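Each ligand, and each atom within it, is numbered from 1 in the order the structure gives. All values derive from a computational prediction rather than experimental measurement.
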Amino acid sequence: MPSFQTTPGTRDILPPDAARWRSFVEEFDAVVSLAGFQHIVVPMFEDLGVFQRLGDATDVVTKEMYDFVDKGGRHVALRPEQTAGVCRSFAQHRPLPPWKVWYSGPNFRYERAQHGRYRQFDQVGVEALGSDDPLLDVEVIALAVDFFRNLGLRNVVLNINSLGDSGDRARYVEALSQYFQGRISELSPESVATLERNPLRVLDSKRESEQAVVAQAPSISGFLSDEAASHFTQVKQGLDALGIAYVVNERLVRGLDYYCRTTFEFQSTALESAQTAVGGGGRYDGLVEDLGGPATPGIGFAIGLDRTLLACDAEQVFPHPSTKADVFVIDTTGGMQALQLCQQFRTAGCASERAYGGRAMKAQMKAADKSGATYAVIIGTDELSQGVATVKSMVDGQQEEILLDAVVQHVAAQLGKVNS
Ligand code: HAM
């Protein structure tokens, strides 16, 4: 056993998985850039106060924060998500709205680690600040839909809900609280504790014994102001206009407290574990102001990279990008030829590999096979003395001798890398 292993809830992302992660982010960049979202990088840790705005009744803040006092005496926390950091950034720099940004990177939550739920996990996401246009909500949701489609996922269901404006939400929470208090004997001790802290979260209960009491609870739709109801209607009309399928789920409560009006979540039906949410988001029209900025509406979402890749595995889509070499140079004359040729191949744009340590022909040939290279370029003592190299197609086994000076250009042309 080595002395150290990754700590619970963290993982090494090894090759070739790490390359797949990078492609995932590149694919996301491609989708959201087409809609005018620009890349932003916010710090991985911030003043604890930034994240306390996520809600003092949420698990993310009360139980899962990685916070500590730094050597300068500042109370900071590793980011559990990136929306708060983006809004802090907006409040700090005051860019001209609408401000449309996207991000990627790790987040930290001290959760119970399990399959699909980690303590360090990656997200890609967007935030659009400065407009309360309901059709912006639609556009933002459509980006996530496009992205899942581009990955090849077919089994992702969009759930939407409206949490109304802050007044609506407060009235609803009050009604919900009264309702659950009236049926408290039907609730588990865990839900009774949740009720104290955040009645909305009781709706999230997955316990079989509580499904009836949850199902009969009042719905948020009865509490929406005319403005919030009309906003939600327009969001649904926009989704219909784009042909985006959705389920209105009035029990959809998100795990963070800053939401108002439109909220949504994407569930993968291909995942069997309890962790099926591959992404989620919504409006947070009060968050920038809460962080000391001007009153600024905002909407966004984040997609869990780790979990979405599990969904890709389940649907057998979005494979690893190819890491195959174009050329493998086999040199049995000491290695200097391979060193130089590999360098020249790379300059010509061909991915080239070689073996190290002066290994025998057979071992080098085996390494060439393993590399998946399209061509092997072989230089033995005979070839070297004649100033040639043997070029072997690893696809059909055909061989030809080419002048050493011309071999890079020849193979590059065969590979379509340069005009011959
Ligand atoms: P969230 O629902 O907390 O929202 O996270 C979004 C996604 O991140 C989840 O659907 C899930 O796929 C992934 N995720 C969350 N926690 C974990 C974990 N412990 N392990 C693996 N994956 C996880 C937010 O973070 C909001 N900032 C989204 C947002 C952006 N709302 C508005 N703008």
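Ligand 1 is never approached by Gln275 to a heavy-atom distance shorter than 4.0 Å. Gly125 does not count as a contact of ligand 1, since none of its heavy atoms falls under 4.0 Å from the ligand.
Protein heavy atom at the shortest distance from atom 23 (C) of ligand 1 is Phe121 CD1, 3.4 Å. At the top of the distance list for atom 32 (C) of ligand 1, counting protein heavy atoms only, stands Gly300 O, 3.2 Å. Closest to atom 13 (C) of ligand 1, if we only count protein heavy atoms, is Gly304 CA, 3.6 Å.
One finds a salt bridge joining Arg11 and Asp306 here, because a Lys/Arg side-chain nitrogen approaches an Asp/Glu carboxylate oxygen to under 4.0 Å. Of the charged side-chain nitrogens involved, none lies within less than 4.0 Å of a carboxylate oxygen, so that Asp326 and Arg346 do not count as a salt-bridged pair. Salt bridge Arg261/Asp132: absent, no basic N to carboxylate O contact under 4.0 Å. Under a 4.0 Å N-O distance rule, the pair Arg20/Asp313 qualifies as a salt bridge. Classification of Asp17 and Arg22 as a salt-bridged pair fails, no side-chain N sitting under 4.0 Å from a carboxylate O. Between Glu174 and Arg171 there is no salt bridge, since no side-chain nitrogen of the basic residue lies less than 4.0 Å from a carboxylate oxygen of the acidic one. Using a 4.0 Å cut-off between a side-chain N of Lys or Arg and a carboxylate O of Asp or Glu, Asp137 and Arg283 qualify as a salt bridge.
Checking Gln267 against Thr276 by side-chain atom types alone, a donor-acceptor pair falls below 3.5 Å. If you check the side chains of Thr332 and Gln364, you find no donor sitting under 3.5 Å from an acceptor. Counted by atom type alone, Gln123 and Ser104 present zero donor-acceptor pairs between their side chains at under 3.5 Å.
The Ala302 neighbourhood of ligand 1 comprises atoms 6 (C), 7 (C), 28 (C), 29 (C), 30 (C), with distances under 4.0 Å to a heavy atom of that residue. Per-residue contacts place Arg117 under 4.0 angstrom from the following atoms of ligand 1 (heavy atoms of the residue considered): 19 (N), 20 (N). Close approach of ligand 1 to Arg254 is summarised as follows: ligand atoms under 4.0 Å from at least one heavy atom of the residue are 1 (P), 2 (O), 4 (O), 28 (C). Shown in contact with Gly279 at under 4.0 Å from a heavy atom are these atoms of ligand 1, numbered in order with element: 10 (O), 12 (O). Near Gly116, meaning under 4.0 Å from one of its heavy atoms, ligand 1 places the atoms 20 (N), 21 (C). With ligand atoms numbered from 1 in the order given, ligand 1 contributes 30 (C), 32 (C), 33 (N) to contacts under 4.0 Å with heavy atoms of Glu127. Numbered from 1 in the order shown, with element, the atoms of ligand 1 that lie under 4.0 Å from a heavy atom of Tyr259 read 26 (C), 28 (C), 29 (C), 31 (N), 32 (C). Within ligand 1, counting atoms from 1 as listed, the ones closer than 4.0 Å to a heavy atom of Val278 are 10 (O), 12 (O).
Not a single N or O atom of Tyr103, backbone or side chain, sits closer than 3.5 Å to an N or O atom of ligand 1. Considering backbone and side-chain N/O atoms, Leu256 never comes within less than 3.5 Å of an N/O atom of ligand 1. Considering backbone and side-chain N/O atoms, Asp306 never comes within less than 3.5 Å of an N/O atom of ligand 1. For a threshold of 3.5 Å applied to N or O pairs, the pair formed by Ala277 and ligand 1 contains at least one separation below that value. Taking distance alone, with nitrogen or oxygen atoms compared against 3.5 Å, Thr83 approaches ligand 1 more closely than that limit. On a distance-only criterion, Gln123 and ligand 1 share at least one N/O pair closer than 3.5 Å. When only interatomic distances are considered, the shortest N/O to N/O separation between Glu81 and ligand 1 falls below 3.5 Å.
Each of Arg254, Arg197, Arg201, Arg112 was evaluated against Asp59; a single residue qualifies, Arg197, per the salt bridge (charged side-chain N to carboxylate O under 4.0 Å, His left out) test.
A distance-only check finds a donor-acceptor pair linking the side chain of Arg94 to the backbone of Ala91 [under 3.5 Å].
Of the listed options Tyr258, Phe108, Phe301, Tyr258 places a heavy atom closest to atom 26 (C) of ligand 1. When Tyr118, Tyr284, Phe266 are checked for heavy-atom proximity to atom 20 (N) of ligand 1, Tyr118 turns out nearest.
Because its NZ or CZ atom is not both nearer than 6.0 Å to the ring centre of Phe121 and within 45° of the ring axis, Arg307 does not count as a cation-pi partner of that residue. Cation-pi geometry between Arg119 and Tyr110 is met: under 6.0 angstrom from the ring centre, within 45 degrees of the axis.
Neither the backbone nor the side chain of Arg119 has a heavy atom within less than 4.0 Å of ligand 1.
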